[in-house]
Number of protein chains: 2
Amino acid sequence: MRKPVISVAACSYSHVLEIVANKWTSLVIYAMEDGTIRYGEMMRRIEGISQKMLTQTLKKLERDGLVHRNVIPAVPPIVEYSLTPLGESLLPSMRMLKEWAKNHYAEVEESREAYDSREQLPASVEG
Amino acid sequence: MRKPVISVAACSYSHVLEIVANKWTSLVIYAMEDGTIRYGEMMRRIEGISQKMLTQTLKKLERDGLVHRNVIPAVPPIVEYSLTPLGESLLPSMRMLKEWAKNHYAEVEESREAYDSREQLPASVEG
DNA sequence: CAGGATCCCGACCGATACTG
DNA sequence: CAGTATCGGTCGGGATCCTG
């Protein structure tokens, strides 16, 4: 009954993280949770994101089948983004993580501060 | 009724991702889900991780208060790691994501393949 | 308005060598 | 056994300029 090796390849778990686990992806998905939204509107909604990262993230999500891209031929062009059913199926998990964050992030920050203040002590100084 | 800006700072959600969202963190947490485990054993369990990344990841998790580090003075030294209650409280969310992965990752891969094969077309082929 | 193309810096991370 | 320290390559990602 030896415990199996945990490999990146074997563990489908890390594959999701591969999808969601970066600074912007989750925020981008989150911006679409209420429905269709345009490119420029997302830029404004997601504070601090660059146009490059937004485009890149949306492309990745479109490739993964989580996001639908709808181009409306017009001048100026209109491009709408929305979650696919697959993308929406990911929302509950993300909301659960978000709940955890809301409930426990304070503890994490406390822990960090405690840890960091401990780190400062050289050996016996700090008088 | 304007939708609020989604900011990295304001959205505690991304803070969790900040914790979990990298190549190794989730695998390391996952390696502790059954209880206490030693450093060397983790190295063996988590395929492909370097000692540097394991150490770094464990330190980060310890700082975040998710992991407990127990040093047993001995020769050779024994260092045991385990999840704190806070760390364990994160497991359900992670398992849910994992479930999603198991159930939907095939769709993601299909979507990727379809997307990539479409990309190849120079302009008008594929009748 | 919705991007594509470039430049560039810093963070991530693997490999290697050394230590208590 | 359980790390620390350092070097170096890769890549994420921001800033800027350009286009249909």
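Chain A is the first sequence line, chain B the second, and so forth, proteins listed ahead of strands; every chain is numbered from 1. Please read all numbers here as calculations on a predicted model, not as lab measurements.
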**Q.** Residues that V75(B) engages under side chain to side chain contact (heavy atoms under 4.5 Å, CB included), provided they are two or more places apart
**A.** none

Q: Among residues two or more places apart or on two chains, list those pairs meeting ring pair (Phe, Tyr, Trp, His ring centres under 6.0 Å) that have a residue in residues 53-102 of chain A.
A: W100(A)-H104(A)

Q: Quantify the bending of the helix from dC1(C)-dG20(D) to dG20(C)-dC1(D) as the angle between its end axes, each fitted on five pairs, to 10°.
A: 40°

**Q.** Close side-chain approach of L97(A) and L90(B), heavy atoms under 4.5 Å
**A.** yes

Q | Charged N-O contact under 4.0 Å between K59(A) and E62(A) | A | no

Q: Kindly write out the residues that satisfy side-chain hydrogen bond (donor to acceptor under 3.5 Å, both in side chains) with E113(A), not counting sequence neighbours, or none if the list is empty.
A: none

**Q.** Residue V79(A), side-chain heavy atoms: nucleotide from dC1(C), dG3(C), dT6(C) that is nearest
**A.** dG3(C)

(Q) Test of understanding: with side chain to side chain contact (heavy atoms under 4.5 Å, CB included), list the residues that count as partners of M43(B), not counting sequence neighbours. (A) Y39(B), I49(B), Q51(B), L54(B)

**Q.** Contacts of K52(A) that satisfy side chain to side chain contact (heavy atoms under 4.5 Å, CB included) - sequence neighbours left out
**A.** S50(A), Q56(A)

Q: Go through the structure and list residues passing salt bridge (Lys or Arg N to Asp or Glu O under 4.0 Å) with E107(B), not counting sequence neighbours.
A: none

Q) Expressed in angstrom and rounded to an integer, what is the separation of I72(A) atom CD1 from dG3(C) atom P? A) 12 Å

**Q.** Distance, rounded to the nearest Å, where N70(A) contributes CG and dC1(C) contributes C1'
**A.** 15 Å

Q: Would you mind telling me which residue lines up with the more 5' stretch of DNA chain D, R38(B) or K52(B), judged by nearest nucleotide?
A: R38(B)

Q. Between atom CH2 in W24(B) and atom C1' in dG14(C), what is the gap in whole Å?
A. 10 Å

Q) Sequence neighbours excluded, which residues qualify as side chain to side chain contact (heavy atoms under 4.5 Å, CB included) partners of E33(B)? A) Y30(B), L91(B), R95(B)

**Q.** Atom-to-atom span, CD1 of I49(B) to P of dG14(C) - whole angstrom
**A.** 8 Å

Q: Whole angstrom is fine here: how far is it from CE in M53(B) over to P in dC12(C)?
A: 8 Å

(Q) Using a 4.0 Å cut-off to any heavy atom of chain B, which nucleotides of DNA chain D are the first and last in contact, reading 5' to 3'? (A) dC1(D) to dC7(D)

Q: For E80(B), enumerate each residue passing the side-chain hydrogen bond (donor to acceptor under 3.5 Å, both in side chains) test, keeping only those at least two apart in sequence or located in another chain.
A: none

Q: Take atom NZ of K59(B) and atom P of dC12(C), then tell me their distance rounded to the nearest Å.
A: 15 Å

Distances under 3.5 Å only, N/O to N/O: pair up the protein atoms with those of nucleotides 17-20 of chain C.
| unit_1 | atom_1 | unit_2 | atom_2 | d |
| --- | --- | --- | --- | --- |
| dA17(C) | N6 | Q51(B) | NE2 | 3.3 |

**Q.** Partner set under salt bridge (Lys or Arg N to Asp or Glu O under 4.0 Å) for E110(A), not counting sequence neighbours
**A.** none

Q) Between atom CG in L27(B) and atom P in dC12(C), what is the gap in whole Å? A) 17 Å

Q) Rounded to the nearest Å, what distance is computed from the CD1 atom of residue I78(A) to the C1' atom of nucleotide dC1(C)? A) 9 Å

